[in-house]
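The figures here come from the full heavy-atom set of this structure, side chains too, leaving out hydrogens, waters and symmetry mates.
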Amino acid sequence: MNGTGARATKGTLRSLLAAVLALLCIAPSASADLTSLIAQGKVRQYTRFALMDQALGIEAVRTIIPAGWQGGGDVSWPMQSIGSPAFYTLQAASPDRTVAMFFISEMNYEEPLYVTFVGPSNVPELTRHIPGDQLYREGDYTEHGNPMLRLMTPEEYSAYVLRSLDPSIEAVSVVSAERDPEARKALAQMASTREAQLNQTFSATPGAFVRDTTIDLAVLELTLTRQRGNLRAIAVTMIDSGTSGTDSSAFKTASILWSAKFTALYVAAPDAFEANRDVFSVFLQNTITNAQWSRALSQTGKEMGQVLVDIATRGAQQNIRNVQERAKAWSQRINERYESSLSQDSNHRILEGWTDVLLYRDNWEGPDGGVLKVDHDYDRVYEKDGDIYATRGVELDPQEYKALKKLPGVLPPGK
């Protein structure tokens, strides 16, 4: 990699994962013409964008994007799996359509490894082993209600998603892949703790096990090859996986249960890539899922799971697609149990609390009481008519713009 590429990669990692050890101190100056300040880069204007779930009539997710950009996306209830019966794709695009950003919520998958039926010791010919290759049918559903897809790395899954968003992409090449050391330690501890908890939970079920639990978070810089013009991209993808199954005297089975906890993408024309990459960090860190929408998701998944348990108990041979159809009916009733809210306690960080360490930014109290995260290069944040103004070295008129309160930040471990 040349020097410029190496510097850009390090900049991306610092922007998205590394700790900020000191804040830039800039003396404020008197108010000036806002348009001029924005043109000079001393003020960045953002607007809040919320994506609604039209089926339920509630907010699904929100973020902030630069003023003038177009926000959009889609919320779908395809009953993709018990863990994620619904998902959303949040997106934003620059006015000239040279830059686009995406955030795709959790998707769950399963890769079967084997099933073995163990016959009596005196009748060994009744033992039958079915390897994963014979069980695997990509796109079909397992008995656990998950679509079959082989486990992917963040690099592979990012390419998989990009191609699904734009089928004209002919090739996805990885320029760099960064896995922050502090992030890896934190994620390894999370995975180990959860595996121990699950095995403790399953201890009452003979032969049940969970092993090889891992969480992999990567920041990738990519090039996308297309006939109508190549693109550059950044992907931040988190893959959570583990092997679970049963090992008893009569029945042995194992599958890799895995999920893409989130996939965040920044895609730009080559000449617009560097100038807008800081916008991606703000978009990513301010993406917040509505907690009521998440509870609706969880409740539907539980109801889907109970149907599968009932089917297994009865020994019925019902196709998972029929289970999905029943679950769709449940999702239509959820709007009777959940109402939209914009208050702080009705929303939660989709990346959970550990990212306050790994994705450190300055925290500011949002207009609705929630938390905004703004890059440390900006030393003041204001609000007016729902728009957010982050300033560098200048003060805006307090009679016209409401100054937001800076909240305590969280420094990384050992810093």
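With hydrogens and angles disregarded, no donor-acceptor distance shorter than 3.5 Å links the side chain of Ser192 to the backbone of Ala188. The backbone N or O of Leu257 lies less than 3.5 Å from no partner atom in the side chain of Ser241, so there is not a single donor-acceptor pair. A donor-acceptor pair is defined here as one N or O able to donate and one able to accept, closer than 3.5 Å; no such pair exists between the side chain of Lys402 and the backbone of Pro398. No donor-acceptor distance shorter than 3.5 angstrom exists from the side chain of Gln70 to the backbone of Pro95, with no hydrogens or angles considered. A donor-acceptor pair under 3.5 Å is absent between the side-chain atoms of Thr287 and the main chain of Thr63, judged by distance alone.
Using a 3.5 Å distance cut-off with no hydrogens or angles, the side chains of Thr193 and Gln189 do pair a donor with an acceptor. Arg194 and Thr213 are not linked by any side-chain donor-acceptor pair at a separation below 3.5 angstrom, with hydrogens and angles left out of the test. No side-chain N or O of Thr289 forms a donor-acceptor pair with one of Ser294 less than 3.5 Å apart. Between the side chains of Ser94 and Asp96, at least one donor N or O lies within less than 3.5 Å of an accepting N or O.
Once rounded to the nearest 0.5 Å, the distance linking CD1 of Ile104 with CZ of Phe102 reads 7.5 Å. With rounding to the nearest 0.5 angstrom, the OG atom of Ser255 is 9.0 Å from the CG atom of Asn146. The line from CD of Glu111 to OH of Tyr136 is 7.0 Å long, rounded to the nearest 0.5 Å. With values rounded to the nearest 0.5 angstrom, Arg380 atom CZ is found 4.5 Å from Glu395 atom CD. Note: Ile256 CD1 to Leu151 CG = 5.0 Å, rounded to the nearest 0.5 Å. Summarising the geometry, atom OH belonging to Tyr88 is positioned 12.0 Å from atom CG belonging to Asp53; distances are rounded to the nearest 0.5 Å.
Other residues, nucleotides and ligands place more than 12 heavy atoms under 6.0 Å from the CD atom of Glu400.
Residues Asn276 and Trp69 meet the side-chain proximity criterion, which asks for heavy atoms closer than 4.5 Å. The shortest distance between side-chain heavy atoms of Asp216 and Leu187 does not fall below 4.5 Å.
Taking 4.0 Å as the cut-off between side-chain N and carboxylate O, Glu156 and Arg163 do not count as a salt-bridged pair. We find that Arg228 and Asp166 are joined by a salt bridge, their nearest charged nitrogen and carboxylate oxygen being less than 4.0 Å apart.
Annotation: side chain to side chain contact (heavy atoms under 4.5 Å, CB included) contacts of Asn230 (sequence neighbours excluded): Thr225. For the ring-ring contact (aromatic ring centres under 6.0 Å, His included) test, no residue two or more places apart in sequence or in another chain qualifies with Phe209.
When every heavy atom of Val210 is checked against every heavy atom of Leu198, the shortest pair comes out as CG2-CB, 4.1 Å. Heavy atoms only, all atoms of each residue included: Ala86 and Trp77 are closest at CB-CD2, 3.3 Å. Considering every non-hydrogen atom in both Tyr382 and Ala403, the closest pair reads CD2-CA, 3.6 Å. Minimum interatomic distance between Thr142 and Met148 (heavy atoms only, all atoms of both residues): CG2-CG, 3.6 Å. Across Ala264 and Leu284, no two heavy atoms sit closer than the pair CB-CD1, 3.7 Å. For Met238 against Leu217, the heavy-atom pair with the smallest separation is CB-CD1, 3.9 Å.
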Yes or no on side-chain contact (heavy atoms from CB on, under 4.5 Å) for Thr263 and Leu265, after CA distance, side-chain angles and deciding distance? CA-CA 7 Å; Thr263 306; Leu265 302 167; 4.0 Å; yes

Set out, in order, the CA-CA distance, both residues' side-chain angles and the distance that settles side-chain contact (heavy atoms from CB on, under 4.5 Å) for Leu222 and Leu162, then state yes or no. CA-CA 10 Å; Leu222 311 163; Leu162 283 162; 3.7 Å; yes

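Remark: of the listed residues Met107, Met152, Glu110, Met152 is the sole one forming a side-chain contact (heavy atoms from CB on, under 4.5 Å) with Trp258. The residue from Phe262, Phe49, Tyr266, Phe87 that alone fulfils the ring-ring contact (aromatic ring centres under 6.0 Å, His included) condition with Phe103 is Phe262.
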